[in-house]
Structures are given as structure tokens and as C-alpha cells.
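A quick write-up on the structure given underneath.
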2 protein chains.
Amino acid sequence: MHVEELVEMIKARREALQVTQETLAELSGVGLRTLKQFESGKGNPTLLTLQKIADVLGLEVCLKLKNVSRNK
Amino acid sequence: MHVEELVEMIKARREALQVTQETLAELSGVGLRTLKQFESGKGNPTLLTLQKIADVLGLEVCLKLKNVSRNK
DNA sequence: AATAAAAGTGCATTATAGTGCACTATATGA
DNA sequence: TCATATAGTGCACTATAATGCACTTTTATT
């Protein structure tokens, strides 16, 4: 997943749960500014930051085998 | 997945592919020091760094729903 | 349209990730 | 065992992520 997709997934999930950025920031312990930056596609969060955010949304960061076979 | 698990997955994958840290660093464009730090569990890489490393190993960073139901 | 809530942005500061270099430690093979 | 390859670490520096604050823009809602 590219960064944009990860961002979209986080945003979609947050919105689905009807949580505001402000609330998510509080719940996750990540600064509001940081969250805003990330969601607006401007950021390059650290793994820890991403995990904190994902966690609260019931998501988890993982690694999976890429579409094996052929050259993208 | 906790950081340690992600690290283990990267290391296992790198070793399975018989690639040295040095080679992986070169292929991924990530500094050797950074890679060493990450693999030895000392780091908190940025998403971009993690993606660069994962990419070369045929892995991708993703978000997935956590074990729904009940309290971990 | 007016208001209010939520999201986005500029600026400045602090904390820390990324990096190279030199060196140590450990694993591996002859 | 000795040599060599590979992995780990201390130090120092640069780049940038994380953050708060104040303000603007956008998105509902009435």
C-alpha cells in the first residue's frame, strides 16, 4: 500500500467511526498537528505514530507479501 | 503487529533471500546505519523508510482490521 | 446566508530519525 | 583456530518528524 492508500484507510476508518481528528488525537496520544499533517497527506509519520493512530481505530500495521509474480 | 514482529519479519525475509544488511541497504536506498538500527530493534523508522526496506524484500506495509471482537 | 464545527496551514521550537565513520562483537567457513 | 564476512554500537551532525499556537478554509447545520 502506498502512503496515500494508508492515509485514505485511516481517514475512512476514522470517519466511519465518526471520530474527529481532535478526538482521535487525544485518544491516540498523537499531537493534533501531527494527525492533521498525516491525514492531509503531508506527513511521513514514524512507525510508532502510525501505530498509535491505527490502534485506536482498531487497525494494525502489518507487512504482507506483495503480489508475487510479474513485474509491477 | 508490534514493532518486534515487524522487525522479525523483515529480518527473516532478508535472511530467506540471503541478502546482507549491506546489500539491502544499497538496494533500498536506506542508510546501512538506519537498517542496522532497525533490525537490532533500536529504531523507530519513518513510514517511508520502512516501505523502502519492505519493498525490496517483496513485502508491503499495510493496515488491517485488528482481531475484532472482545478486549485484547 | 449566518453560525459553528471540523479540517487544513504557516511559523517556530524541540525531539529524534537518518546518516557516515570508525570500531567492536559475533557468526561462519576454510 | 584463524580469517573473513556480517552484524551491532558510540559519536557527531544534518534533516525532518512531532508539537503547540494562532489563523484560514472548508464543511455541515440551522
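This structure is a prediction, so every number in the text was calculated from the model and none was measured.
Note: CD (Glu26(A)) to C1' (dA7(C)) measures 15 Å, nearest angstrom. One atom, CD of Glu22(A), and another, P of dA5(C), lie 11 Å apart when rounded to the nearest Å. When the P atom of dA7(C) is taken as reference, atom CZ of Phe38(A) falls 15 Å away, rounded to whole Å. Protein atom CD of Glu39(A) is 11 Å distant from nucleotide atom C1' of dG8(C), rounded to whole Å. Taking atom CG of Leu48(A) as the reference point, atom P of dA15(C) lies 17 Å away to the nearest angstrom. If you take CD of Gln21(B) and P of dA27(C), they are 13 Å apart, rounded to a whole angstrom. For the pair Glu15(B) CD and dA27(C) P, the interatomic distance rounds to 12 Å; values are reported in whole Å. Atom-to-atom, CD1 of Ile10(A) to C1' of dA7(C) comes out at 17 Å; the value is rounded to the nearest Å.
Here His2(A) contributes atom NE2 and Gln51(B) contributes atom CD; the two are 8.5 Å apart, rounded to the nearest 0.5 Å. Separation of atoms CG (Leu47(A)) and NZ (Lys52(A)) is listed at 11.0 Å; rounding is to 0.5 Å. The distance from the CE atom of Met1(A) to the CD atom of Glu8(A) is 10.0 Å, given to the nearest 0.5 Å. In this structure, the separation between CD1 on Ile53(B) and CG on Leu59(B) is 11.0 Å, given to the nearest 0.5 Å.
First and last contacting nucleotides of DNA chain D toward chain B (any atom under 4.0 angstrom from a heavy atom, 5' to 3' order): dT6(D) to dA17(D).
DNA chain D is contacted by both Gly31(A) and Arg14(B); Arg14(B) maps to the nucleotide lying nearer its 5′ end (nearest heavy atom per residue). Along DNA chain D, the nucleotide nearest to Val30(A) and the one nearest to Lys36(A) differ in position, and the one closer to the 5' end is contacted by Val30(A).
Distance alone, capped at 3.5 Å, is enough to place a donor-acceptor pair between the Ser28(A) side chain and the Leu24(A) backbone. In this structure, Gln21(B) contributes its side chain and Lys36(B) its backbone to no donor-acceptor pair below 3.5 Å.
Across all strands, Thr34(B) comes closer than 4.0 Å to base atoms (heavy-atom distances). At the heavy-atom level, Ser40(A) lies under 4.0 Å from the strands shown only through sugar-phosphate atoms.
In terms of phosphate contacts, Lys42(A) brings no side-chain nitrogen or oxygen within less than 4.0 Å of OP1 or OP2 of dG8(C).
With a 4.5 Å cut-off on side-chain heavy atoms, Leu32(B) and Glu26(B) do not count as touching.
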